[in-house]
Amino acid sequence: MILNTSQHFKNYEVKYAVKRGDYAETYHVRDDFGRNAFLKLIDREKLSTAHRLDDGSPREVTVARQLNHRNLCKCLDGGSDEIGGRTLDYVVTELVSGEDLAKRLRRDTTLTVYETKQIAMGVLEALQHLHTLPSPVTHNAIIPEHVMLDMSDDPRIHAILVNMGQCTPLDAVTAPPSLDTPGFNPFFLAPERWEGHHTVQSDIYMVGALIYRAIFGLEPWHLDLSRVAPSLRQEVMLAERKSPLKMLNINLFELDETLMNIMAKALAYDPKKRFSSAAQMLDALKGNIHVEPQDTTDGEGKEIPQPEGRRRGNGFADVAGMSELKDMLTRSVINILRNIERAKKYKLTIPNGMLLYGPPGCGKSFIAEKFAEETGYNYMYVKSSDLASIYIHGTQEKIGNLFDEARKKAPTILCFDEFDALVPNRSENYNNVAHNSEVNEFLSQLNNCGKDGVFVIASTNKPNLIDKAVLRRGRIDKIIYVPLPDLEARAGLFEIHLKGRPLASDVNYERLAALTQNYVSSDIAYIVNEAATLASERDADIDQHLLEDTVRRNKPSVSPQQIKEFEALREKLSNEMTKERRSVGFL
């Protein structure tokens, strides 16, 4: 390696070497302020002409310095410098707190459909940015090793596309790849790439392969190439791809026909049959556009059975602490939803939905997801931005279509995040006709939707901004405060997040819980990831001292003033609820 541990390069100290490749070496470094980063040293003489600019410098460095997107790794520095008598190019990027998708798949083999969609949408957001730069490029290396999973926003997965080493000008034609390239995965490569073509559709193909791998546990049209003569491998592999895409029978209830069609369209042999852009595929994953059935098979020429639209998982077992909240939800909501016939027998009201409110970072969306697993219902997650439209009454139409789709897939749980943005108080928007129409559409759809097998979970940090009519019985039946994690919950969160990591024997979850009063779920996730990063630098176990030191250096994200405001709001809403809440209808 060119640099040694503790050696300084520019404003960075080398902590350790990460990897040596054909044309570059990578290092974990730390800047003068103690911030961790990732350094890549590039030998331009070993670069192929396809990855050089006219002046011979690496395209990777120039492109990286242009990037400004939450799903792409942030560039901190870049340029060229003399080391040991020769000029080397370099790029320094932020160090993502998390793990790459390849490591996650080695551990778990497959992901849930929900997780897979979140990752794919993050990658597509990144690609849309790359494809629309002033000098657009294709990424060309969208494989699990190049997708980082930043879990600091836990429980939501934040996917970051890294490594711009293979980026190429859009629609360029270069020399075909070689099967002998180290770290190369031929099953992710679009057919036209074997002829040297780099297009938007080539990147889209790789996203389709990424989704397929995450859900089924192997690459699309996977073959044991070791049984094929080297001179015939490319021909055999491409011939196999001309057969229908196999959708494996894995009894994954949440895998519906729509996602299967999206995968098949992205993986079409003919680039013209794929999505026209990353944005279009993103819209398909969000359910904004319909994808026609594609040519697929179960591998035996049989018609693919339709999934029943159920969600699997560990349910409330994954929710640390909060016993009172879980018991209440189980008793007053889940038991009724699980046995509708018994509810009808005793003339119990089938609930329409509930509102979860409380400080940010307390896991409201996570609880909603685990609630869906407890019921076994299909789960549809919706943000306010998903329903936005530039057209008059466009959002109103999307709301109607969303509930129609939920009814078709019933029983369904519709989870609305940032609910206050979707149904703002009309008394404060009296002159906004569009907002008022959208709220009216929500009111119409919420009326007794439970009878149609649709249960709504809404979450918000600002319940006081929601239109009062939405919170009447017969629409939102339960209004539930999700507090900061208590002592038991915090201990459980540390245990969950530390599980599977190299731990010293002195780690004490109860002691950590006692030190983190007023810390929310996302704070604890961040602390664990930060401690794990520091331990990895030393190649040591995560011990109690390291964890306590990390706690001391990271204050709670929710301030005491915010806590007081939420407690006051909780008391106010509780007092309002003790009064008779007005019902929808005459009875």
Q: State whether Arg407 and Asp404 are salt-bridged, where the test is any N-O pair (Lys NZ or Arg NE/NH1/NH2 against Asp/Glu carboxylate O) under 4.0 Å.
A: yes
Q: Measure the spacing between OG1 of Thr110 and CG of Leu218 and express it to the nearest 0.5 Å.
A: 11.0 Å
Q: If every non-hydrogen atom of Leu285 is compared with every non-hydrogen atom of Ala120, which pair is closest and at what distance?
A: CD1-CB, 4.0 Å
Q: Can a donor-acceptor pair be found between the side chains of Asp420 and Thr460 at a distance below 3.5 Å?
A: yes
Q: Any donor-acceptor pair under 3.5 Å linking the side chain of Glu192 with the backbone of His197?
A: no
Q: Can a donor-acceptor pair be found between the side chains of Asp203 and His139 at a distance below 3.5 Å?
A: no
Q: Between Asp467 (side chain) and Val423 (backbone), is there a donor-acceptor pair under 3.5 Å?
A: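 Checked: no pair found.
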Q: Taking C-beta and beyond as the side chain, do His158 and Asn71 meet within less than 4.5 Å on heavy atoms?
A: yes
Q: Quick one: pull up CD in Gln396 and CG in Asn401 and give me the separation to the nearest 0.5 Å.
A: 11.0 Å
Q: Less than 4.5 Å apart, any side-chain heavy atom of Leu101 and any of Arg213?
A: no
Q: If you define the side chain from C-beta out and look only at heavy atoms, does anything of Gln445 sit under 4.5 Å from Val456?
A: no
Q: To the nearest 0.5 Å, how far apart are OG1 in Thr116 and CD1 in Ile215?
A: 4.5 Å
Q: Please enumerate all residues that pass side-chain contact (heavy atoms from CB on, under 4.5 Å) together with Thr258, with sequence neighbours excluded.
A: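 Scan of Thr258 (side-chain contact (heavy atoms from CB on, under 4.5 Å), adjacent residues dropped) gives Asp256, Ile262.
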Q: May I ask you to decide if Ala268's main-chain N or O and Arg274's side chain share a donor-acceptor pair within less than 3.5 Å?
A: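 Indeed, once roles are kept as given, a pair shorter than 3.5 Å links the two residues.
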Q: Rounded at 0.5 Å granularity, tell me how far CG in Leu446 sits from CG in Leu471.
A: 10.0 Å
Q: Distance-only, no hydrogens or angles: does the Ser459 side chain make a donor-acceptor pair with backbone N or O of Ile457 under 3.5 Å?
A: no
Q: Might you point out which heavy atoms bring Lys103 and Asp100 nearest each other, and give the distance in Å?
A: N-OD1, 2.7 Å
Q: For residues Val207 and Val123, report the shortest heavy-atom separation together with the two atoms involved.
A: CG2-CG1, 4.0 Å
Q: Looking only at the side chains, is there a donor atom on one of His198 and Asn140 sitting less than 3.5 Å from an acceptor on the other?
A: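 Side-chain D/A pair, His198 to Asn140: present.
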Q: Tell me, please, which residues at least two apart from Ala209 pass side-chain contact (heavy atoms from CB on, under 4.5 Å).
A: Phe188, Pro220, Leu267
Q: Does the plane of the ring in Phe442 sit parallel, tilted or perpendicular to the ring in Phe416? Use 30° and 60° as the thresholds.
A: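 If you compare the ring of Phe442 with that of Phe416, the planes turn out perpendicular.
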Q: Supply the atom-to-atom distance Arg241 CZ to Phe187 CZ, rounded to the nearest 0.5 angstrom.
A: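 The distance works out to 8.0 Å.
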Q: Do Met380 and Ile413 come close enough that some side-chain heavy atom pair is under 4.5 Å?
A: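 The answer is no; the side chains never approach within 4.5 Å.
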Q: Looking just at side-chain N and O atoms, do Ser277 and Gln280 make a donor-acceptor pair shorter than 3.5 Å?
A: no
Q: Kindly indicate whether the side chain of Lys265, heavy atoms from C-beta on, has any atom under 4.5 Å from the side chain of Phe275.
A: yes
Q: Quick check against the 3.5 Å criterion: does Gln201 have a side-chain atom that pairs as donor or acceptor with the backbone of Ser276?
A: yes
Q: Would you confirm whether Ser202, through its side chain, and Thr199, through its main-chain N or O, come within 3.5 Å as a donor-acceptor pair?
A: yes
Q: Give, for atom NE2 of His131 and atom CD of Gln128, the distance between the pair rounded to the nearest 0.5 Å.
A: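 Here the rounded value is 8.0 Å.
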Q: Minimum heavy-atom separation for Val291 and Ala284, please, with both atom names.
A: CG2-CB, 3.7 Å
Q: Can a donor-acceptor pair be found, under 3.5 Å and without considering hydrogens, that links the side chain of Lys242 to the backbone of Tyr269?
A: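 It does not hold such a pair.
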Q: Can you name the nearest heavy-atom pair linking Leu245 to Ala264, along with the distance?
A: CD2-CA, 3.7 Å
